[in-house]
Novice: 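I am attaching a structure below and will ask some questions about it afterwards.
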2 protein chains.
Amino acid sequence: MPVTDVLRADLREDTRARIEQAALELFSAAGFEQVTIEEIAAAAGTSRRTFFRTVGSKADAVWGDFDGHVDRLATLLEHSGDDVPVLTAVLGAYVEVNDYAPEDLPVLRQRMRLILTEPALQAHSQLRYADVDRVVAGYVARRCGEQPTALVPRLVATATRAAATTAFEAWLSGAAPSLADALRTAFGQLAEGFPGLR
Amino acid sequence: MPVTDVLRADLREDTRARIEQAALELFSAAGFEQVTIEEIAAAAGTSRRTFFRTVGSKADAVWGDFDGHVDRLATLLEHSGDDVPVLTAVLGAYVEVNDYAPEDLPVLRQRMRLILTEPALQAHSQLRYADVDRVVAGYVARRCGEQPTALVPRLVATATRAAATTAFEAWLSGAAPSLADALRTAFGQLAEGFPGLR
DNA sequence: GTTGCCCGTGGCACTCGGTGCCTCTAGCGT
DNA sequence: ACGCTAGAGGCACCGAGTGCCACGGGCAAC
């Protein structure tokens with residue numbers, strides 16, 4: 001790979017970053033539905049056509065590099081020891097993959113606030129979470145010696161992801177001191193089978 | 001209310017039924033994205049404009065009267081005794097609200113197959129399920145003496161709904177003999193905190 | 001019966017998200 | 001100077017969804 005390819009890739013990432021930043025600000029200020037692609041492109045100093053080419057869709061402008069996120073989750077699960085309980089491993093992977101640097105937290109808050117409150121983004125999130133679920137279900141299946149499509153692996157995947165989402169909501173609303181803390185609380189409740197409610 | 005209102009309401013329900021039936025068949029045959037509103041309207045013997053007026057959106061054509069579904073779930077939870085455990089009550093409500101007559105099962109299968117496999121419908125489902133979650137979270141909060149926005153009520157709502165969705169998948173794939181059976185299995189796993197995985 | 005009202009319906013025009021196709025241009029190696 | 005490549009812009013098009021207006025049939029009051 002010649003040097004030029006790297007430079008050009010950097011250029012594309014630059015425009016991507018500009019677009020995502022502009023989109024995040026405009027969405028937060030005026031609401032997701034109220035902002036048009038044309039306005040985002042103008043704010044990012046580019047064109048409508050380039051917007052779609054670099055970020056794919058309006059919703060994707062909010063998610064950033066979520067595929068990399070999922071890949072990291074998969075790697076973490078792969079490299080977790082078989083001696084640690086399954087639920088603990090999943091919790092650990094969720095905590096570590098969401099261990100953001102303090103300076104990144106404001107942007108994360110902005111992003112998650114949009115995803116959790118804007119209906120269109122809430123709907124789109126299901127598609128992204130499905131990728132996460134597949135990864136987790138695959139891991140649970142491997143640990144249990146079952147098929148990834150069997151009930152328990154799927155259930156663990158969706159239930160833990162539900163716990164993670166709830167933890168995000170709690171963190172966002174200020175009810176939890178930290179994201180890791182909220183995740184541990186939610187997973188704890190889940191793993192105990194909701195004592196007192198049975 | 002004069003008799004005419006009832007008759008006219010019936011007329012509107014007739015066109016709604018025609019549209020939903022045509023949409024379900026076309027979607028199942030050719031795929032959700034491949035079918036245009038115009039084609040559905042033509043198959044239902046009506047117009048594009050009437051389609052949007054009666055069913056609201058393309059995705060809503062698949063969901064039928066889901067609001068009534070949610071209302072029934074709320075009523076069932078309201079009338080469940082306080083002596084029965086919370087999770088048991090939620091399971092019971094889910095089982096009862098999904099207790100379809102045998103002749104309705106084929107249509108239900110068709111509907112759920114679309115919702116669980118078509119990406120656009122999968123995304124839209126999140127919005128519908130959010131209504132369910134609000135109802136369940138409200139019930140759990142009342143039983144626990146907590147706020148509906150607190151972590152545990154929200155977590156129970158999303159986790160039980162995840163269990164219900166997984167149960168639907170299992171039923172649809174033929175892995176479970178009946179929907180009620182799949183629901184009981186999934187809720188059982190959830191309430192036990194996934195023994196063997198901790 | 002005629003008039004006026006209500007309401008389901010259809011048509012039309014418009015916005016906006018998303019895509020395919022073509023072109024331009026800047027940077028590169030030969 | 002030449003061609004190649006890839007990011008970028010422009011343009012036309014499709015389809016979902018909406019606002020507005022017009023038509024028509026049933027119904028009630030006069």
Side-chain angles (χ1 to χ4, degrees), chain A residues 1-20 22-24 26-27 30-63 114 118-125 127-128, chain B residues 1-20 22-24 26-27 30-63 114 118-125 127-128:
Chain A
M1 182 196 292
V3 186
T4 61
D5 282 14
V6 177
L7 288 174
R8 286 185 176 170
D10 276 357
L11 281 183
R12 197 165 73 191
E13 283 311 305
D14 271 5
T15 56
R16 167 185 280 271
R18 285 206 321 274
I19 289 173
E20 286 179 1
L24 220 56
L26 290 174
F27 290 161
F32 183 78
E33 308 270 11
Q34 275 61 48
V35 181
T36 68
I37 308 287
E38 203 115 29
E39 291 169 341
I40 303 172
T46 181
S47 76
R48 184 179 138 77
R49 195 62 190 83
T50 298
F51 174 95
F52 283 112
R53 198 162 8 227
T54 57
V55 304
S57 78
K58 196 178 179 183
D60 282 323
V62 181
W63 283 86
L114 286 169
E118 292 283 352
L121 290 173
Q122 211 176 328
H124 182 81
S125 70
L127 302 178
R128 298 320 206 95
Chain B
M1 182 195 293
V3 185
T4 61
D5 283 11
V6 178
L7 288 174
R8 288 188 174 166
D10 276 355
L11 280 183
R12 199 166 68 187
E13 283 310 305
D14 271 3
T15 56
R16 164 185 284 270
R18 285 206 323 274
I19 289 173
E20 286 179 0
L24 220 55
L26 290 174
F27 290 161
F32 184 78
E33 308 269 12
Q34 277 61 47
V35 181
T36 68
I37 308 287
E38 203 116 28
E39 290 169 343
I40 303 172
T46 182
S47 76
R48 182 180 140 78
R49 195 65 191 82
T50 299
F51 175 95
F52 283 111
R53 197 157 16 222
T54 56
V55 302
S57 78
K58 197 179 179 183
D60 283 323
V62 180
W63 283 86
L114 286 169
E118 292 282 353
L121 291 173
Q122 211 176 328
H124 183 81
S125 70
L127 302 177
R128 297 322 203 92

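Reminder, nothing fancy here: chain letters follow the sequence lines and each chain counts from 1.
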Novice: Figure out the CZ/C1' separation between B:Phe32 and D:dA16, and round it to whole Å.
Specialist: 10 Å

Novice: Write down the protein N/O and nucleotide N/O pairs, taken from nucleotides 19-21 of chain D, whose separation is under 3.5 Å; answer none if there are no such pairs.
Specialist:
| residue | atom | partner | partner atom | Å |
| --- | --- | --- | --- | --- |
| D:dG19 | N7 | B:Arg49 | NH2 | 2.9 |
| D:dG19 | O6 | B:Arg49 | NE | 2.4 |

Novice: Write down the distance between CG (A:Leu121) and P (C:dG17), rounded to a whole number of angstrom.
Specialist: 13 Å

Novice: Give a yes/no on whether any side-chain N or O of A:Thr15 is located under 4.0 angstrom from OP1 or OP2 of D:dG7.
Specialist: no

Novice: What pair of heavy atoms forms the shortest contact from A:Asp60 to A:Arg128, and how long is it?
Specialist: OD1-NH2, 2.6 Å

Novice: Mind calculating the distance between CD1 (A:Ile19) and C1' (D:dG9) to the nearest angstrom?
Specialist: 12 Å

Novice: In Å and rounded to the nearest 0.5 Å, what is the CG to OG1 distance from B:Leu26 to B:Thr36?
Specialist: 9.0 Å

Novice: What integer distance in Å separates B:Asp14:CG from C:dG8:P?
Specialist: 13 Å

Novice: Supply the atom-to-atom distance A:Glu118 CD to A:His124 NE2, rounded to the nearest 0.5 angstrom.
Specialist: 13.5 Å

Novice: With the threshold set at under 4.0 Å for non-hydrogen atoms, list the residues of residues 33-46 of chain B touching DNA chain C in residue-number order.
Specialist: B:Thr46

Novice: With a cut-off of less than 4.0 Å, is there a side-chain N or O of B:Thr50 near OP1 or OP2 of C:dT9?
Specialist: no

Novice: Please name the pair of heavy atoms, one in A:Lys58 and one in A:Val35, separated by the smallest distance, quoted to 0.1 Å.
Specialist: NZ-O, 2.8 Å

Novice: Roughly, in whole Å, what's the span from CZ in B:Arg12 to C1' in D:dG25?
Specialist: 17 Å

Novice: Whole angstrom is fine here: how far is it from CZ in B:Phe52 over to P in C:dG11?
Specialist: 15 Å

Novice: Hey, what do you get for CG (B:Leu127) to CD (A:Gln122), rounding to the nearest 0.5 Å?
Specialist: 6.0 Å

Novice: Any residue in residues 54-63 of chain B with a heavy atom nearer than 4.0 angstrom to DNA chain D? Just list them by number, or reply none.
Specialist: B:Gly56, B:Ser57, B:Lys58

Novice: Could you go through residues 40-52 of chain A and list every donor-acceptor pair under 3.5 Å that involves a side-chain atom there, pairing it with any protein atom two or more places apart or in another chain?
Specialist:
| residue | atom | partner | partner atom | Å |
| --- | --- | --- | --- | --- |
| A:Ser47 | OG | A:Arg49 | N | 3.4 |
| A:Ser47 | OG | A:Thr50 | N | 3.2 |
| A:Ser47 | OG | A:Thr50 | OG1 | 3.2 |

Novice: The criterion is side-chain contact (heavy atoms from CB on, under 4.5 Å); which residues satisfy it with A:Ala120, sequence neighbours excluded?
Specialist: A:Phe32, A:Glu33

Novice: Grab the CZ-C1' distance between A:Phe51 and C:dG18 for me, whole Å please.
Specialist: 10 Å

Novice: Please identify each residue that fulfils salt bridge (charged side-chain N to carboxylate O under 4.0 Å, His left out) with A:Glu20, with sequence neighbours left out.
Specialist: A:Arg16

Novice: B:Arg48 has an atom CZ; how far is it from atom C1' of C:dA13, in whole Å?
Specialist: 11 Å

